[in-house]
Structure formats: C-alpha cells, structure tokens
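Encoded as structure tokens, the structure appears first; notes follow it.
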Amino acid sequence: FLDGLVARRTGCTAFGRVLDPLADKILVAGVLAALLAVGRVPAELVVLVVLRDLALLAFGWMRVRGAAPVPAASPLGKAAFAMLGAWLVHLMFDLPID
C-alpha cells in the first residue's frame, strides 16, 4: 500500500508498474516456499501460483516493451492480492477460522 502511495505522489513509470508487482510476486513465492518447507501447503499449489505469477510477469514485460499499454492496477487485482496475503498470514500463524 505504502509503495503505491509514494509512486502515485512522485509519478509512476511503466517500468515501475511492472517492477512493483514483481516485488510482490517474489514475496509471495518466498512465503509459499517457506510454507512448503514446513508442510503447510502442497507443492502443486506452490507450482500453480508461481506459474501464474510468471505468466503475469511475462505479460507485464510485453507491455513495458511496447506491445501493449501499461494500465494501472485494477481494484479486482488489488482485492485478489489482499485475499492471498490474508490467506498466507493465516497459514503462517496458524490462525483459527471462526
């Protein structure tokens, strides 16, 4: 949230619009790898999420190279990432579901 706020105030670049999600995807992959190592998530799920993220990054890279315009982040994408983040926090801290 904070990095997006700073980017909007200082001016977003097309490269930054791809680099920011890259950092998010690296964070998610690292957390999933750690959860896989302790047996909290199945390997198939980690592979699926990482492949999806790689496909999204490839599409983003094509946009930066001029093959397509670079849009701002959509509310749906932000909501999906927030839900993924909440799920990962739940898994990391073994929080009960009530």
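Quick note: residue numbers are just sequence positions, from 1. Keep in mind that what you see is a predicted model, and the values were worked out from it rather than measured.
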Legend entry - Val41, Leu45, Val31 screened by side-chain contact (heavy atoms from CB on, under 4.5 Å) with Leu36, the one that passes: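 It is Val41, the one option of Val41, Leu45, Val31 that forms the side-chain contact (heavy atoms from CB on, under 4.5 Å) with Leu36.
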Inset, instruction - Please determine which of Asp53, Leu84, Val46 meets the side-chain contact (heavy atoms from CB on, under 4.5 Å) test together with Leu32. - result: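 It is Val46, the one option of Asp53, Leu84, Val46 that forms the side-chain contact (heavy atoms from CB on, under 4.5 Å) with Leu32.
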Inset, instruction - Taking the side chain as every heavy atom from C-beta outward, state whether Val89 and Met92 have any pair of such atoms under 4.5 Å apart. - result: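 The answer is yes; the side chains approach within 4.5 Å.
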In this structure, would [X] and [Y] fall into the same cluster of hydrophobic residues linked by side-chain contacts under 4.5 Å?
X     : Y     : value
Leu88 : Phe93 : yes
Trp87 : Val50 : yes
Val38 : Leu27 : no

Legend entry - Set of residues satisfying salt bridge (Lys or Arg N to Asp or Glu O under 4.0 Å) with respect to Arg52, sequence neighbours excluded: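 Partners of Arg52 under the salt bridge (Lys or Arg N to Asp or Glu O under 4.0 Å) test: none.
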